[in-house]
K.L.:
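This structure is in structure tokens; I'll ask about it shortly.
Note that the structure is predicted; figures quoted are calculated from it, not measured.
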Protein chains: 2
Amino acid sequence: MPADPSERLLEFLQKRAALSREEAVVFAARWSVQRQLKRGDYLCSIGKMEQHVWFIAEGLLRIYYPTDTEEVCVGFSYEDTVVSSFPSFIRQQPSTFSIQALEKCTALGITRTDLYVAIDTWPAVAKLWSGLLEQVVTGLIEREIEISTTTPEQRYHNLLRRAPYLFQRVPLKYIATYLRIKPETLSRVRRTGISAS
Amino acid sequence: MPADPSERLLEFLQKRAALSREEAVVFAARWSVQRQLKRGDYLCSIGKMEQHVWFIAEGLLRIYYPTDTEEVCVGFSYEDTVVSSFPSFIRQQPSTFSIQALEKCTALGITRTDLYVAIDTWPAVAKLWSGLLEQVVTGLIEREIEISTTTPEQRYHNLLRRAPYLFQRVPLKYIATYLRIKPETLSRVRRTGISAS
DNA sequence: CTGATTTCTTGATTTCAATCAATTTTTAGG
DNA sequence: CCTAAAAATTGATTGAAATCAAGAAATCAG
């Protein structure tokens, strides 16, 4: 894992997209917006127009939307993942999400125009984009099903199994909103160490 | 609105994709699987591999997944919409959804291979596909937000405003599961005719 | 048209997680 | 290292919708 963000992006692209080395280098160069975030900083805020898709080279962020009374996490992003406020980016509408660094982060961004030009230029990039959207779609659907078919306790155990690393890096109060339960409930569920099926 | 399913598909494609008339005709011809469904028939069932994306030329269907105790509707499809068990179609895994006709339906299907060939052949089809996926993504996200930020009553009024036609065509018990409430609750919410904000 | 089945409504009761209210523990920044 | 702020825990209580239980109304197939 290279420390250099661009090098890391290049590896990511070559692993994920059917691009030649040269194409990958050219495409990677279009991810020209570098952001350094410290804990608490925002990559995107409610109401702002999302102009980029971000590659996270380092760090961890939460993606959330606010309600009257709390902030509900829809997901987390970390090293070697791609994140954006997709509905805002796709439709060019004000974002309904905020994306906040929970750790010091390094992100590389590509603009909307650059991305769509790349999609039109390289079929492999078009494929990468559809693949990413497909992943988002299947992820959202699976998540919706899980939330509505499982108990808070099951969801906790499922997440613990699928993504134990989150519990090392994310305050439980954010994990709680991601599981659609209150921190108090999560605390109680953890105490009674009932094992998952 | 033409009665002929193929003609209807052609109109749909020309409206939605930047295809020339000739391209549209050639692409439309790949939607070669025609299905006639009567009330109660299935376009896709749990556990089956979804092999097609379907264009609905006529009729109305519900898309749902089963839980221990009920069937939860994730959406409806009707004339001039496209439907599939997307996660199954995309990943070629057994479907976690069933898609059932609530009325007599006519559907035209394109196979996975035919679709992906078309995507690779015509940039406009690739665009159509990404556009469709983008629509699914934004729809799912908005829905997730709505479900977790609104009361059953608000959701009922929102749906009544956005899609009044569903109430003409779909039994309330299916609408209830779509709103993530029990039929009894929906009934009570409808009785107390409190108007939406 | 008509009887059977499905769907919808209404009432009584229960339940699971939310809320409210303090502490205790942990963490981060000076 | 120390202290203030943030996060987590624990207990008591509440509440909104689910569940349970009949009936009434609508619909569909023969």
K.L.:
Please, which pairs that meet salt bridge (Lys or Arg N to Asp or Glu O under 4.0 Å) have at least one residue in residues 85-96 of chain B, sequence neighbours excluded?
P.N.:
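Sorted pair list: A:Glu142-B:Arg91.
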K.L.:
Taking ILVMFWY side chains as joined if any heavy atoms are under 4.5 angstrom apart, and letting links pass through other members, which residues group with A:Tyr42?
P.N.:
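Answer for A:Tyr42: A:Tyr64.
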K.L.:
Of all residues at least two apart in sequence or in a different chain, which pass the ring pair (Phe, Tyr, Trp, His ring centres under 6.0 Å) check with B:Phe55?
P.N.:
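Checked B:Phe55 against ring pair (Phe, Tyr, Trp, His ring centres under 6.0 Å); matches are B:Phe12.
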K.L.:
Could you give the CD-to-P distance, from A:Glu71 to D:dA6, as a whole number of Å?
P.N.:
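Going from A:Glu71 (CD) to D:dA6 (P), I get 13 Å.
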K.L.:
Which pairs count as salt bridge (Lys or Arg N to Asp or Glu O under 4.0 Å) when at least one residue sits in residues 42-64 of chain B, sequence neighbours excluded?
P.N.:
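Listed by first then second residue: B:Arg62-B:Glu71.
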K.L.:
Specify the separation, in whole Å, of atom CZ of A:Phe167 and atom P of D:dA7.
P.N.:
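So the two atoms are 17 Å apart, to the nearest Å.
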K.L.:
Apart from B:Ile46 itself, what residues make up its hydrophobic cluster when side-chain heavy atoms of I, L, V, M, F, W and Y under 4.5 Å apart count as a link, directly or indirectly?
P.N.:
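B:Ile46 shares its hydrophobic cluster with no other residue.
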K.L.:
Rounded to whole angstroms, how far apart are NZ on A:Lys38 and C1' on C:dA28?
P.N.:
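Between C1' of C:dA28 and NZ of A:Lys38: 15 Å.
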K.L.:
For residues 122-130 of chain B, which side-chain donor-acceptor pairs fall under 3.5 Å, sequence neighbours excluded?
P.N.:
unit_1	atom_1	unit_2	atom_2	d
B:Lys127	NZ	A:Asp120	OD1	3.2
B:Trp129	NE1	A:Glu134	OE2	3.4
B:Ser130	OG	B:Ala126	O	2.9

K.L.:
Rounded to the nearest Å, what distance is computed from the CD atom of residue A:Gln168 to the C1' atom of nucleotide C:dT27?
P.N.:
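The distance from CD of A:Gln168 to C1' of C:dT27 comes to 16 Å, rounded to the nearest Å.
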K.L.:
Would you tabulate the pairs of protein nitrogen or oxygen atoms and nucleotide nitrogen or oxygen atoms of nucleotides 22-30 of chain D closer than 3.5 angstrom?
P.N.:
none

K.L.:
Could you list the donor-acceptor pairs under 3.5 angstrom formed between side-chain atoms of residues 23-33 of chain B and any protein atom two or more places apart in sequence or on another chain?
P.N.:
unit_1	atom_1	unit_2	atom_2	d
B:Glu23	OE1	B:Ser20	N	3.0
B:Arg30	NH2	B:Asp114	OD1	3.2

K.L.:
Please name all residues satisfying salt bridge (charged side-chain N to carboxylate O under 4.0 Å, His left out) with B:Lys15, sequence neighbours left out, ordered by chain then number.
P.N.:
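B:Lys15 satisfies salt bridge (charged side-chain N to carboxylate O under 4.0 Å, His left out) with no residue once adjacent residues are dropped.
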K.L.:
If we fit an axis to the first five pairs and another to the last five of the helix from C:dC1-D:dG30 to C:dG30-D:dC1, what angle do they make, to the nearest 10°?
P.N.:
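One end's axis against the other's: 70°.
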K.L.:
In the 5'-to-3' direction, what one-character label does each nucleotide of nucleotides 8-26 of chain C receive under the scheme B = base within less than 4.0 Å of a protein heavy atom, S = sugar-phosphate only, - = no such atom?
P.N.:
SBBBB----SSBB------
K.L.:
According to salt bridge (charged side-chain N to carboxylate O under 4.0 Å, His left out), who are the partners of B:Lys182, at least two apart in sequence or on a separate chain?
P.N.:
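With neighbours one apart ignored, the set is B:Glu70.
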K.L.:
Do B:Ser148 and A:Tyr65 get their side chains close enough for a donor-acceptor pair, meaning under 3.5 Å?
P.N.:
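Yes, because at least one side-chain N or O of B:Ser148 sits under 3.5 Å from a partner of the opposite role on A:Tyr65.
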